[in-house]
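To start, the structure under review is shown below, and the notes come after it.
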Amino acid sequence: MTGHVLTFTGTAVVAVYVLDAEGAELRLAETVRSAGRSYALPASYRLSGRSPVTDALRAGRPLWLNPSELAAYGPTGPTTPETPTTPGVSLGVLPLGGDGKGLGCLVVVDESPGGIDADRRGFIELYAHHVAAGVEAAGPEALTQPHPDLPGPTLDRLRVGSFVLHLGSGRLTADTQVLDLFGIAGEDFDGRVETLLSVTVPDDVPALMSVLEPDVLTSGTAQLEFRIRRPNGELRWLGLRAQVETGPDGTPRRMLGMAAETSYLRPRADEVSLVQRLSAALAGATTVRDVGRAVVGALRDPLGAGRVAVAEVQAEQLVVAVLAPAEPAAWPEVWRSAWRSEWPEPPSHALPTLAEALREGQVSIWPEGSALEPGLAGIGPGGLAVLPLPADGRIVGVCLIGWERRHEFGPEERSLLTATAGLVGQALVRAHALDAEHELATMLQRSLLPRKLPELPGGVAVTRYLPATMGLEVGGDWYDVIPLADGHVALVIGDVQGHSAAAATIMGQMRTAIRAYAVEGHPPDVVVAHANRLLVGMETDLFATCCYADLDMEEGEAWFVRAGHIQPLLRHPDGTTEELDVEGGPPLGVVADAEFPMTAAGLSSGTLLALVTDGLVESARLDLDDGVRRACQALARADPADPGGVADELLGGHSRRDDDVALLLLRYDGMRVRPTRASWTVWRLPDAVMHARRFTARTLRNWGLADELDVALLVTSELVTNALVHTRGEVRLNLTLTADRLRIAVNDPSPRTPVKPATVDWEATGGRGLLLIEAMSQTWGSVPLSGGKQVWGELSLSSPREEPGSGPPPEEPPEGPTDADDAPRAEGTRGRRGRRTRR
């Protein structure tokens, strides 16, 4: 690890001098050199003499010498074969141990002619404190007389990393050693302090924040010891020492810090504390794999074992939960030959000694050199312990612990292993039951979701569902794809609050209810409103969120309703993505008379529509905005030609989830003959209806629909006249041509639905408009639209179009009337007389 320190400090040599037992001289205990460096340091310094090392120890503070200052001491510094006297290098000497302890000195040799700069001095000073702690814990004899069994690290074993915290921006730059200490992979580190805090034991977070918080820092040095939880569940102590630099105005500018593992400074756990730690770890184990990890984390390092295996015994097979280390090459051939996917399942009859131990049900210990079959001898050449795991009067599993070097088994350790076996066996049975419960809950939830999706004309839909990995209760996420009449399809995704059987029940009821209301032909807002009243009437404490989309597969028109749910995501054919702004209502089951407005959107061929639940974009470690941004980025770089691959891309990296994840993805392709659209804003002018008719006439000529012109102009006149007379605000005329139909629709800002009169008196001056529309159109209707509505009528084409015209109509109408406008003047007159149609 010292090579790592040499790298970030830029020094050529690092050495440690410690006081001898008499306190008369400083002796060279350890030296680490950079590759290609041949500097030599004196083997010892007499305290009575004068040298940089003795001066620094007597003064009790660091001594930094440039080449000229070092030369003034004479031949007391580093030498090389070519330079018997002190070469032109800089030297740093840092006393080890404060409060007058005087343990020794850390010496660094640097080749910079200008001396060691301030930044590197800061890191070296911090490093010296960690070296001093190691020397103090081990005792000087651990360095002057090194022995592998002595506690405490020497330089080549000291795990130290460095970091720089920029207090203005809050960005943290950390080397790989710091990330390894915290158990964070380099590619997963985002440069934020919060990422380090996330693996810190919660009780120690406030103390760590008090050191790293930029708003409360002052200049000086701070130090702290705290605990972190490694990914495998192991608890470790880390020591942090930081030095704050200030700017010219005294404001803290940045922090130089070092972190080191300090678990060795803690007292070694005896057998009782080890069992207690294992019991605590097993109490939180909810799966068989968790039990195995807890055993490895609690036993492998404290016992100094090289290999640990935990397996269930099932029908002559060892169903392995955890192997440590997990590399196949670390295990004997019988284990490697059975290695499938992740873990092997070796047959127990291939290991007769193990099979016998399992039949006897007693902890078996074989010391170094025991006559064992290769499949067991290779696990522990220095000693092997086989722990049958008892529970409920039977053997449910086995734990194998092997040592590489010779290991002596004392009576206390035998008792420890026996107690451990009982704890692990009971935990294994409990976890196995929880695994079965989780599998049952997952099967229940999947049975409530669609078994397969319908084939859609003009599009491809794919879904994904992933249950939570944190906790074992069934969740409430659901999705559905519902084919409707007239080429429409309803897309639904929702999430019931909580994770329980009650949430799953509500989920099944909501999915069934929404499907029933949709098939009945209700518009989207009515479907959601009915489902909301149903959930309120159930008098449950749970609520649900939902996003419902009604998509016309021919025309590409979609109507969205959102009830407290996440916004839909769109990927346009050009690759741009957006979070669709859908006006929302409250969650279902909260307010009985809640309103759920609709939002319209047009989809072009090749558009991807993604409906997701919050488990995909939000978690305890992921902010919602960041999650949505990541989802949009994944959607943008995915290949829309493979919707299944796009769905998998969106789910990437969700191996550990504290919530369910549901995804409904649709690629809209459109029908063989794609809709052609044109629209016109109707200004409230005296001749507004005339301009709308002219726009319609020009558009239909451009589309080659001369046969339908008269009827279309009549329907246009009535729709536009009714909107102008009975509403205020903007009126918009929309024309849509599909393969066999022409749709004429008028949007207005009034939410009132038009009412067709039951009868019309022959002397009445109005009330015939809707009757005319109904008579002339194949179908007609009205749908609410974001505070307003759309009234529409559809005309059947006399001959289906293979490919409609695509030329856009001009934006401005001609000044004078045209022949086409004069021809159907009688219909236009009747339309104006119908302006008083009852609404």
If the condition is side chain to side chain contact (heavy atoms under 4.5 Å, CB included), which residues does Asp574 pass it with, not counting sequence neighbours? His572, Thr576
With Glu649 via salt bridge (Lys or Arg N to Asp or Glu O under 4.0 Å) - residues at least two apart: Arg637
Residues that Thr779 engages under side chain to side chain contact (heavy atoms under 4.5 Å, CB included), provided they are two or more places apart: Trp792, Glu794
Distance-only donor-acceptor hits, side chain of residues 627-636, under 3.5 Å, sequence neighbours excluded:
residue, atom, partner, partner atom, Å
Arg629, NH1, Asp626, OD1, 3.4
Arg629, NH2, Asp626, OD1, 2.3

Name all residues meeting the ring pair (Phe, Tyr, Trp, His ring centres under 6.0 Å) criterion together with Tyr517; count only those two or more places apart in sequence or in a different chain, and write none if there are none. His530
Assess the residue pair Leu664 and Val481 against the criterion (side-chain contact (heavy atoms from CB on, under 4.5 Å)); give the C-alpha distance rounded to whole Å, side-chain angles, the decisive distance to 0.1 Å, and a yes or no. CA-CA 9 Å; Leu664 172 54; Val481 178; 3.7 Å; yes
Is there a donor in the side chain of Ser717 and an acceptor in the side chain of Arg693, or the other way round, less than 3.5 Å apart? yes
List the steps, then state whether side-chain contact (heavy atoms from CB on, under 4.5 Å) holds for Arg562 with Gln567. CA-CA 8 Å; Arg562 189 170 60 88; Gln567 302 276 14; 3.3 Å; yes
When rounded to the nearest 0.5 angstrom, what distance separates CD1 in Ile773 from CH2 in Trp780? 7.0 Å
Answer yes or no: does atom CG of Asp639 have more than 12 heavy-atom neighbours from other residues, nucleotides or ligands under 6.0 Å? yes
CG (Leu624) and CG (Asp614) are apart, to the nearest 0.5 Å, by 8.0 Å
Partner residues of Asp625 under the side chain to side chain contact (heavy atoms under 4.5 Å, CB included) criterion, sequence neighbours left out: Asp623
Here the gap from Leu608 atom CG to Leu650 atom CG, rounded to the nearest 0.5 Å, amounts to 9.0 Å
Strictly distance-based, threshold 3.5 Å: is any side-chain N or O of Arg684 a donor or acceptor partner for the main-chain N or O of Gly729? yes
Who passes side-chain hydrogen bond (donor to acceptor under 3.5 Å, both in side chains) against Asp648, sequence neighbours left out? Arg464
Quick one: side chain to side chain contact (heavy atoms under 4.5 Å, CB included) partners of Gln509, sequence neighbours excluded? Thr505, Ile506, Met538
Walk me through whether Thr681 and Glu730 qualify under side-chain contact (heavy atoms from CB on, under 4.5 Å). CA-CA 7 Å; Thr681 300; Glu730 181 180 281; 4.2 Å; yes
I'd like to check the salt bridge (Lys or Arg N to Asp or Glu O under 4.0 Å) partners of Glu774; sequence neighbours left out, ordered by chain and number. Lys756
The reported gap from CZ in Arg732 to OG in Ser679 (rounded to nearest 0.5 angstrom) is 3.5 Å
Listed by chain and number, what are the salt bridge (Lys or Arg N to Asp or Glu O under 4.0 Å) partners of Arg515, not counting sequence neighbours? Asp480
Could you please spell out the steps behind the side chain to side chain donor-acceptor pair (under 3.5 Å) verdict for Arg741 and Gln778? CA-CA 9 Å; Arg741 287 177 297 167; Gln778 182 184 21; 5.5 Å; no
Side chain to side chain donor-acceptor pair (under 3.5 Å), that's the test. Do Thr613 and Asp495 meet it? Break it down for me. CA-CA 7 Å; Thr613 57; Asp495 185 3; 5.4 Å; no
Which residue pairs pass the salt bridge (charged side-chain N to carboxylate O under 4.0 Å, His left out) test when at least one of the two sits in residues 586-602, sequence neighbours left out? none
If I take atom OG1 from residue Thr736 and atom CG from residue Asp552, how far apart are they, to the nearest 0.5 angstrom? 9.0 Å
Who are the salt bridge (Lys or Arg N to Asp or Glu O under 4.0 Å) partners of Asp525, not counting sequence neighbours? none
If the test is side-chain hydrogen bond (donor to acceptor under 3.5 Å, both in side chains), which one of Asn747, Thr753, Asp748 qualifies with Lys789? Asp748
Kindly indicate whether the side chain of Trp478, heavy atoms from C-beta on, has any atom under 4.5 Å from the side chain of Met510. yes
Verdict with reasoning, Met553 to Leu551, per side-chain contact (heavy atoms from CB on, under 4.5 Å): CA-CA 6 Å; Met553 300 301 289; Leu551 175 60; 3.5 Å; yes
What's the spacing between Ser777 OG and Ile744 CD1 if we round to 0.5 Å? 7.0 Å
